[in-house]
Asks: 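For reference, the structure I am asking about is given below.
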2 protein chains.
Amino acid sequence: MIIRLDMQSDLPIYTQLMNQIIEGIASGELKPGEDLPSVRSLASDIGVNLHTINKAYTLLKQEGFIQIHRQKGVVVNPEGMPGITPEYEQKQTEQLRPMIAEAICRSVDKEHLLQIVESLYDDILHGEKENA
Amino acid sequence: MIIRLDMQSDLPIYTQLMNQIIEGIASGELKPGEDLPSVRSLASDIGVNLHTINKAYTLLKQEGFIQIHRQKGVVVNPEGMPGITPEYEQKQTEQLRPMIAEAICRSVDKEHLLQIVESLYDDILHGEKENA
DNA sequence: CATCTGTTATATTTGTAGTATAACAGATGG
DNA sequence: CCATCTGTTATACTACAAATATAACAGATG
C-alpha cells in the first residue's frame, strides 16, 4: 500500500496515516488479517519518526481497526471492523454538522450534496486499484 | 444568537465560533445584513480574549461569510453567501472522504449514510428556533 | 545469541491556541 | 471638541500538541 503524506497539510501526519489506512480497508486494498509494516520500517519508508507511526497505530487499535501483537507485529483486525457505536455516531454527527451547514450557506441543494456523498462512497469502494 | 463553547473540545475556540456562526446563517437565524457583536463585547460575553474572536471573524471574512467595516462593525454579508468555488469543493472532498471511508469500514450502507446526511440537512434548515 | 517485534521514557524543537496589555486610526455622538 | 466606540496591529507570555531524536527494555524468533 502506498502512503502519501502532505507535509504542508494542516492535518497531523499521524491523522493522515490513520485516514489512509482506514480508506485502504474500506476500499478492500487492506483485508482483515493482512499484515501492516512494523513501526520502524514504515517510519523509515516514509521518512518520519517511529513515534509518529506508533501514535497512528495505537489510535487505530483503540478504535478497533487493527490489532497489535507484541512480537508478531501489526495486522488489520482479523475479527472484522468495529461496528456502529454510540460514540462513533456522535463523532460522525459532530463532524458532518458543520460541513452540511456550510454547504447550505453556499447553496448546495440537498440532492446535489447527496450526490456528492454517494459518488465519493462509490469512489472509495471501487478503490484506487489504478495508482497514478 | 446564543453561543455555546466546549472548553473540553479538541476543536479550537475560534473554530467552534466559526461553525456556530455558519450554522446560524444556514438555519436562517442570522440573515444577510444582520449585525454581529463587536469583537470586544462578544469576547467579554463568552469570556474569551478579544483576539480569539478576531481570528474567527477574520477567517469568516476571508471566506466571504461576513463583512467587517472599520468603524461600523461586523455584519453577515449583505451581498449574499459565497458560492461553490473550486477551493471549497476541494476542501469539502478532503473532509468528506475520510468520514465516508470510516463509515464504509463500519458497515454503514450507502442508503443509511445518505439518510443521516439528509436528516442533518433538514435539521439545520429548520433551525434551533426553540433553544433549550 | 543476534535480531526482530512493540513499548516506554526523556528531552528537545517547533508551531498553534489562547491570553494579557497596549496602542493606533478612523468614525460617531453628545 | 472630546470621549467613546469600532476594527487593527504589535508584543510578550503561557500552555499544549506534533514531531523528532535517542536510548533502553521485554518478549519472541531463527
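Lettering follows sequence order; numbering is per chain, from 1.
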Asks: What is the distance, to the nearest angstrom, from the CG atom on B/Asp35 to the C1' atom on D/dC5?
Replies: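 Atom-to-atom, B/Asp35 to D/dC5, this comes out as 14 Å.
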
Asks: Should D/dG27 form a Watson-Crick or G-U wobble pair with both distances under 3.5 Å, which nucleotide is its partner?
Replies: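 Checking every strand shown, D/dG27 finds its partner in C/dC4, with both distances under 3.5 Å.
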
Asks: Establish, with yes or no, whether the OP1 or OP2 oxygen of C/dT19 is under 4.0 angstrom from a side-chain nitrogen or oxygen of B/Thr52.
Replies: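 Yes, such a contact exists.
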
Asks: Is the closest side-chain donor-acceptor distance between B/Gln90 and B/Glu94 under 3.5 Å?
Replies: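 Distance-only check passes for B/Gln90 and B/Glu94.
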
Asks: Within the 4.5 Å heavy-atom criterion, are B/Thr15 and B/Leu59 side-chain neighbours or not?
Replies: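 No. Closest side-chain heavy atoms not under 4.5 Å.
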
Asks: Look at the side chain of A/Ser38 and decide which nucleotide, out of C/dG18, D/dA19, C/dG6, has an atom nearest to it.
Replies: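 Given the options C/dG18, D/dA19, C/dG6, the side chain of A/Ser38 is closest to C/dG6.
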
Asks: Out of curiosity, does B/Ile25 fall in the hydrophobic cluster containing B/Ile84 (side-chain heavy atoms, cut-off under 4.5 Å, transitive links)?
Replies: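 Result: no, two separate clusters.
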
Asks: Heavy atom of residues 53-80 of chain B under 4.0 Å from DNA chain C: which residues?
Replies: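 Residues of residues 53-80 of chain B under 4.0 Å from DNA chain C: B/Lys55, B/Gln71.
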
Asks: Specify the separation, in whole Å, of atom CE of A/Met18 and atom P of D/dA19.
Replies: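 Atom CE in A/Met18 sits about 12 Å away from atom P in D/dA19.
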
Asks: Can you check the B/Leu17 CG to C/dA17 C1' distance for me, whole Å?
Replies: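 My rounded result for the distance is 13 Å.
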
Asks: Rounded to whole Å, how long is the line connecting atom CE of A/Met7 with atom P of D/dA18?
Replies: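 It is 15 Å, rounded to the nearest whole Å.
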
Asks: Mind checking side-chain contact (heavy atoms from CB on, under 4.5 Å) for B/Thr85 and listing every partner two or more places apart, or none if nothing turns up?
Replies: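 Once residues adjacent in sequence are excluded, the partners of B/Thr85 under the side-chain contact (heavy atoms from CB on, under 4.5 Å) criterion are A/Arg106, B/Glu87, B/Tyr88.
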
Asks: Rounding to a whole Å, what distance do you find between A/Leu42:CG and C/dT5:P?
Replies: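 Rounding to the nearest Å, CG of A/Leu42 and P of C/dT5 are 12 Å apart.
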
Asks: Which heavy-atom pair separates B/Glu29 from B/Met1 by the least distance, and what is that distance?
Replies: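 Shortest heavy-atom contact: OE2-CA, 3.7 Å.
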
Asks: Using every non-hydrogen atom in the two residues, find where A/Cys105 and B/Ala26 come nearest and quote the distance to one decimal.
Replies: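 In terms of heavy atoms, the two residues are closest at SG-N, 3.6 Å.
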
Asks: Given B/Glu102, which partner from the list A/Gln92, A/Lys91, A/Gln95 fulfils the side chain to side chain donor-acceptor pair (under 3.5 Å) test?
Replies: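 That would be A/Lys91; it is the only one of A/Gln92, A/Lys91, A/Gln95 passing the side chain to side chain donor-acceptor pair (under 3.5 Å) with B/Glu102.
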
Asks: So which protein N/O to nucleotides 21-25 of chain D N/O distances come out below 3.5 Å?
Replies:
from: D/dT22; atom 1: O4; to: A/His51; atom 2: NE2; distance (Å): 3.3

Asks: Report the distance from atom CD1 of A/Ile13 to atom P of D/dA17, rounded to the nearest whole Å.
Replies: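 Atom CD1 in A/Ile13 sits about 17 Å away from atom P in D/dA17.
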
Asks: Can a donor-acceptor pair be found, under 3.5 Å and without considering hydrogens, that links the side chain of B/Gln16 to the backbone of B/Leu11?
Replies: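 Present.
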
Asks: Output the rounded distance in Å from CG (B/Leu11) to P (D/dC16).
Replies: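 Roughly 18 Å, once rounded to whole Å.
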
Asks: Between A/Ile21 and A/Tyr57, is there a side-chain heavy-atom distance shorter than 4.5 Å?
Replies: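 They are in side-chain contact.
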
